[in-house]
Every structure is written in structure tokens, then in C-alpha cells.
Amino acid sequence: MSRHGFTPDEQRYLDGGPHGDVSGAGRAAADALVRAAEAYRDSIPDVGARLDAAVLGAVRARPRRARRPWRWAVDGRVRPLWIPLAAAAAAAVVWLGVPRVPAPSSSPVAAVRVADTVFVQFRLAAPAARTAAVAGSFNGWDPESVPMVRDADGAWVVTLPLPLGEHRYQFVVDGTVWRPDPTAPAQVDDGYGGTNSVIVVGPKGLVRT
Amino acid sequence: MRSVTFGSVSESRDGTGRPTDGSLVRAAQGGDADAFGVLVERSRRDFGRYAVAMLGDADAAADAMQEAFIRAWDALEDCRDPDRFRSWFFRILANQCRTALRRRHPAIAVDDVEVAAPDRADAAAERSELAARIDAALSTLTPEQCEAFVMKHVEGRSYDEMVALLGVSDDALKMRVYRARDALRGLLGDAR
């Protein structure tokens, strides 16, 4: 059994390139891997049309959620700069005084309540990052819909109005690197070998256990 | 492309006369479950094989897809570009599969996969054995490598399509595919 990998030429051949520079043994190994993948593809059972009916039954029993009143805050049509400004304006009125958490690397630092919405600021210190975003249970784990912006201190920040309840999240750095928030009050296994950070938003701000 | 009336929502159809994903999403965002049902059927056909390959089990894949569809329905107003529903939904499904991966059945050693007896060593038996060995070997890869290999070689997607679906750079994806191939060559042995 071979314990070595494919050469660059063999990799290019597997990507559809020419086989001119590939040895006989390398080409045979590459062809065997492709044949095995094709055999595996043919062996995969259909998930089944019954799934469609099951999903439809489930969604019909779930009324569509009303459009969230805070959608403007994460809508791409709104400049990211407006998000902290809007939150700051709200904070001036109903600031709850949630203590700032020391944030050596990152932290959701504050929460401000407006009606049943609590504004939560996420902060990430990642000076070498080209982009940063927050993905979590509040946005379908979409790594793009909640981009962060650099503040005057160079940290990445974004303020989100979140409904009361538990929210799980991670930071997404440079679009590909997922990392938890080490200063979050709780961490849970994400089932993928990583960790999700957890915050609980209560009527008086972040609940710290 | 032309516009017709679909429920209370103006709908567009593609060149084959099918409603576009974008028009179906907009209808579903207005509460039209039937429009969402069409998206469910399309997405199941498009990504069902991915889910089974990632989880190694059709029942687990069906559970993951159902959960992903319900999450998509609940979060549909967050789909800011309805015409790109396919990519948006795939990311929900991929996260769901990653969550379910931990529950994937324990991997069996590739060498423990039963080899066809000589009297059954016909082409069908050989392909069945190859499929079982790949299935066992995939479960030893990292989730990212497994995902990349499945999309490239099992689903037959192009790198451009994978970039669009996964939101990962072309170079990073190729590295995952290359490492998966290297690992599988080591696990499966050379030409058979």
C-alpha cells in the first residue's frame, strides 16, 4: 500500500490536465482514485422525495416570522458605519449599564435594550485580519451578512439588535477562519471539532452566569 | 425571461419556463409555502448526494436536510439576494452537516472492509467494494477535506462552483482537495 501522495503533475492530471508528465504508476493511481469516487457516487442512495413532503408539512405548521424590526441594522444597504452610530444613539436613551468586560482579544462588550430588542456590541481584536464578521444563530450562520468594521482603536466591531434569549456565534476572519470568542460567558462544542461562543440576552442586558 | 403572476408575487421564469429561484424565494418570503416547496425539491436534488456523502448515511442526511430546510424557512427574510438562494441554502446545509458529523457512525478501518470473494469478483462486486472503501476512507479525513473531495470528485463540481458555494478561495479549496487525494491514496493503495 502506497503511503505517499500525488505529485504536482499527478494533481494537475486529476484536475483535468494533460497526462504527459505523469508516470505510468502515478496515472494508474490517479485513475483508480477517480474510478473509486465514481463507484462511490453510484452507490449513494437518493435522499428521497418523501423529504419534500415532510419539510412542507413542517413549514406549513410554522408561521412565517414577521419581518424583524431591526433588519435595517444588518441590511447590506445600510453602511456599516451607521450601525454603531444608531446603537450609540439608542444607548444615550436607555443605557443599561452592563459592565464592560476586559477584552484582551475579543468580547461582546455591552448591551443596550430598546423595547424587546437588546443592542449587543461584538468586538474582536485581530489587527492582521483583512475582514471580520460575526456568524451565529441570529443570522443563520451566514459568514457574510454581518460584517464588522474597524473602530478608532483598530478593533473590529459591530453592534446588533438581538432578541431576548440565547445566541451562539463565532467570528469569521478573512472569510474563512472561524474562531470562538474566548471572553464570552460560555462556550459549547459546535459538533465540528470547534467551539461556539454563547451569550444570553435578557431584559436587562447580557446575562452573566 | 418573462414575468407572470404567481400568487400575489410577480414571478420570473428562466429560459426553460421554470420559475427562477429568486422569484420563488420572494414568494416564499411572503408566506407562500408551495413556492418554498419547489425550492426544497430543487435543493434536495442538487445537494442530497453531498449530504449523504458527508454524513455517510441516507437517514442522517435526510434529517440534516430537513433541519436545514426548516432553518432556511425560518430565516428566509435574511436571504438578502434571492437570486443566490442556492449558495445561501448550501451554507445552511453545510453547517447542519458539520453539526451532525459528530454523530456519524464510527469509522471502520479501510482495510476491514470486506473484500469480494474470488467467485464474486465481477465488475459489480469490485465497484461495490471500491465504494465501501471510499466511504470508510472519507470518514478518516478532516471535514473540510471530505467536503472538498466529495464536491470535486463525487459530485463532479468545478472549482469555480465550489468557490461560489463554499465562499473559500480557489487556492484553499485546491489545497483541501490535494490533501484529501493524498490521504486517500495512502489509505486505498495504488492502482487496483
Side-chain angles (χ1 to χ4, degrees), chain A residues 1-6 8 10-11 14-15 25 27-56 58-60 62-65 67-68 71 74-77 139-145 175-176 189-193, chain B residues 29 31 33 36-37 40-41 44 48-49 51-53 58 61-62 65-66 69-78 80 88 91-92 95 98-103 127-128 130-135 143 149 153-156 167-169 172 174 178 181-186 188-192:
Chain A
M1 178 178 290
S2 171
R3 291 295 174 190
H4 58 79
F6 290 102
E10 291 164 356
Q11 295 282 11
L14 279 162
D15 281 339
R27 186 177 173 187
D31 290 344
L33 183 60
V34 171
R35 279 200 308 276
E38 290 172 349
Y40 178 58
R41 179 190 60 211
D42 294 342
S43 76
I44 293 177
D46 188 0
V47 172
R50 283 184 304 172
L51 174 67
D52 301 1
V55 170
L56 268 184
V59 301
R60 284 201 169 100
R62 301 166 74 90
R64 282 225 46 75
R65 285 185 307 177
R67 201 173 182 82
R68 287 195 287 270
R71 179 176 167 75
V74 293
D75 194 298
R77 290 171 296 185
N139 72 338
W141 295 96
D142 185 337
E144 296 178 345
S145 67
T176 58
D189 191 331
D190 69 353
Y192 189 45
Chain B
Q29 285 173 331
F36 188 71
V40 168
E41 181 186 4
R44 173 180 55 78
R49 187 175 283 159
V52 175
M65 292 200 83
Q66 179 166 342
F69 282 129
I70 291 172
R71 284 173 183 254
W73 170 261
D74 285 346
L76 207 53
E77 70 266 30
D78 294 331
R80 294 181 298 154
W88 181 79
R91 289 177 188 178
I92 296 175
N95 280 329
R98 290 164 187 161
T99 299
L101 264 178
R102 276 290 184 88
R103 297 193 290 273
R127 286 179 67 80
S128 177
L130 274 177
R133 288 170 66 87
I134 280 278
D135 185 43
F149 183 85
H153 285 293
V154 179
E155 295 187 287
V168 177
S169 72
K174 284 183 177 174
Y178 289 6
R181 289 169 179 163
D182 289 344
L184 290 173
R185 183 177 184 181
L188 298 173
D190 273 349
R192 301 178 55 82

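Everything quoted here is computed from the prediction, not taken from an experiment. Below, each value reflects all heavy atoms present in this structure, side chains not excepted, and no hydrogens, waters or symmetry copies.
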Is the closest side-chain heavy-atom distance between [X] and [Y] below 4.5 Å?
X	Y	value
F6(A)	D182(B)	yes
D142(A)	R80(B)	no
V40(B)	V59(A)	no
I134(B)	L33(A)	yes
W141(A)	I92(B)	no
E144(A)	R91(B)	yes
L51(A)	F69(B)	yes
W73(B)	L56(A)	no

Provide the closest heavy-atom pair for [X] versus [Y] in the form atom of the first, atom of the second, distance.
X	Y	result
S43(A)	A131(B)	OG-CB, 3.6 Å
V154(B)	A37(A)	CG2-O, 4.3 Å
D135(B)	Y40(A)	OD1-OH, 3.3 Å

Would you say the side-chain atoms of [X] pair up with the backbone N or O of [Y], donor to acceptor, closer than 3.5 Å?
X	Y	result
R185(B)	G5(A)	yes
R181(B)	Q11(A)	yes
D78(B)	N139(A)	no

Region of P8(A) in contact with chain B, defined by heavy-atom distances below 4.5 Å: neither
Residue D15(A) versus chain B: region with a heavy atom under 4.5 Å: both
Interatomic distance, F36(B) atom CZ to D52(A) atom CG [nearest 0.5 angstrom]: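 Going from the CZ atom of F36(B) to the CG atom of D52(A) covers 10.5 Å.
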Proximal component of R49(B), with respect to chain A [non-hydrogen, under 4.5 Å]: both
Residues R44(B), D46(A); criterion side chain to side chain contact (heavy atoms under 4.5 Å, CB included); working and verdict: CA-CA 9 Å; R44(B) 173 180 55 78; D46(A) 188 0; 3.9 Å; yes
